[in-house]
Amino acid sequence: MNFAQLGLAEPLVRALEAKGYTTPTPIQQQSIPTLLQGRDLLGIAQTGTGKTAAFVLPSIQRMVEAPKQIHPTHCRMLVLAPTRELASQIADSARDYGKFSKMSVATVFGGTSINKNRQDMSRGVDILVATPGRLLDLIEQRFVSLAMLEILVLDEADQMLDLGFIHALRKIVRMLPKQRQTLFFSATMPNAIRELADQFLKDPATVKVAPVSTTAERVEQFATHVNQGEKQALLTIHLRNPEIERCLVFTRTKHGADRVVKLLGHAGIAANAIHGNKSQPQRERALGEFKSGKVKVLIATDIAARGIDVSGVSHVFNFELPNVPEQYVHRIGRTARAGASGVAISFVADDEKSYLRDIEKLTRVKPTMMPLPEGFTAEAAKIKANRPAGSDDDRRRDDSGRHRAPPKATHSARPTGQRADGAARPAGHSEGRGGDNRGARPAGAGRPGGQGRPGGQGRPGGNGPRRQGAGGGGGGDRRSPAAG
DNA sequence: AAAAAAC
């Protein structure tokens, strides 16, 4: 099966080949023929499944096949995304895929010059990618009109709802022609999303790939119990692992992300933070340096949990666990992309143990418990000594903190390991899956110590996409009440 | 409860 067989025209196939794509992913196989017919689509899929190409390619083709004069400030296709980074990424892809089809693409979101947006839209474009707030702003100022729109795409619809975009969405949809094609993508399908889809879509085809929990199966997952105050020491040790190509470290709060950056800086480890309180230039710089490899550690809030598509993220650290278990799946889905392997390591403080249980319930994978690595006590003591009691940041910094002994004693504790024995992988990872594990095994993983044996792992087959609700296993979107 | 998003 190739892209031409799905019905895509030569300029699109050529653009795909230029990117090295020859085989459609499952969501592309299922969506492209349907969308080429002009049908509405309800897609249940997360990023990393090839979703963007699945809706951009057929949309471009339909626009090319039915050429229309574009009026100033108008667009033919609108893609709405929940974060600026995602909007930017989608626009880049659209430009790429449309480069031999003469597609014009504009992107608008907050934190950037509104005059530039106005200029970009002055003659109208084929494809507009936007976040809701800035788009509404531009519409109110008459710099954008949606009156001639042909195709609407809502990406990450469940996150849009979570973020309180519902009012803005309704407002935008009210301005659109009734006669249009509507595409709706969501990683999950809670009732609120289904109702919204019922209102926005007409007789949609439904496409479902990679239910939310399957990403978790491709990632080697580990967890360590550690005091909240000693997580920094643990992270510092892990980050000395030379096998880390690029890593994302997730924190629960924006302030927490900044604090980790600062503390790592004291330990001589370069890192950037990305979160919603950073200016747009700061956000772009952080992401740019991460992508280019200049800074290989990116500390992020859940702003980066979804959609951020950076190749070569070998490790994801949950410095703090998310309290919404689905968010964990999105986070660890930043690694093991495009068939690569990946490692996720969660730091679990006492008050986070219940979150871990919820996550295990959702993913049906129990992370392998790792003991604190060798050298941890020394590292924690060193950090504590350099940090006067009562201050948890750089409030005072005496010069005794400036020189630090080289970490000679800790090399044996590096979370590396050459996969000496192949043991201690979280069960449920079937061995036969290409065998392409890079041995990126974290500290202590080789000795699960008898405990931590994954329970409830006996899922037959292990790997194929699991149908929710089909096996009566209590999956689905039902959130079970906290046990105990 | 915190996250992102318009100035």
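Numbered from 1 within each chain, the chains take letters A, B, ... in sequence-line order.
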Roughly, in whole Å, what's the span from [atom1] in [X] to [atom2] in [N]?
X: A/Leu321; N: B/dA2; atom1: CG; atom2: C1'; answer: 15 Å
X: A/Glu85; N: B/dA3; atom1: CD; atom2: C1'; answer: 13 Å
X: A/Ile274; N: B/dA2; atom1: CD1; atom2: P; answer: 21 Å
X: A/Glu320; N: B/dA3; atom1: CD; atom2: P; answer: 10 Å
X: A/Phe165; N: B/dA6; atom1: CZ; atom2: C1'; answer: 10 Å
X: A/Ile303; N: B/dA3; atom1: CD1; atom2: P; answer: 11 Å
X: A/Asp155; N: B/dA5; atom1: CG; atom2: C1'; answer: 16 Å
X: A/Phe143; N: B/dA6; atom1: CZ; atom2: P; answer: 16 Å

Below the 4.0 Å mark, does [N] have OP1 or OP2 next to a side-chain nitrogen or oxygen of [X]?
X: A/Thr131; N: B/dA6; value: yes
X: A/Lys254; N: B/dA4; value: yes
X: A/Arg331; N: B/dA3; value: no
X: A/Thr301; N: B/dA2; value: no
X: A/Arg306; N: B/dA4; value: no

Query - Parallel, tilted or perpendicular: rings of A/Phe347 and A/His238 (30°, 60°) - result: parallel
Query raised in the report: So what does A/Leu163 touch, heavy atoms closer than 4.0 Å: a base, only the sugar-phosphate, or nothing?
Result: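 A/Leu163: base contact, heavy atoms under 4.0 Å.
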Query raised in the report: Who pairs with A/Ala157 by side-chain contact (heavy atoms from CB on, under 4.5 Å), at least two apart in sequence or on another chain?
Result: A/Phe184, A/Ser186, A/Ile193
Requested in this report: Output the single nucleotide from B/dA1, B/dA4, B/dA6 whose closest atom is nearest the side chain of A/Asp137.
Outcome: B/dA6
Query raised in the report: Looking at B/dA5, B/dA6, B/dA3, which one has an atom nearest to any side-chain atom of A/Thr253?
Result: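 In terms of side-chain proximity for A/Thr253, the closest of B/dA5, B/dA6, B/dA3 is B/dA3.
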Requested in this report: State whether A/Lys51 and A/Asp155 are salt-bridged, where the test is any N-O pair (Lys NZ or Arg NE/NH1/NH2 against Asp/Glu carboxylate O) under 4.0 Å.
Outcome: yes
Report task. For atom CD of A/Gln199, decide whether the heavy atoms of other residues, nucleotides or ligands shown that lie under 6.0 angstrom number more than 12. Result ->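 For A/Gln199, atom CD is crowded (more than 12 foreign heavy atoms under 6.0 Å).
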Query raised in the report: Just wondering, more than 12 heavy atoms not from A/Arg95 lying within 6.0 Å of its CZ?
Result: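 More than 12 within 6.0 Å, yes.
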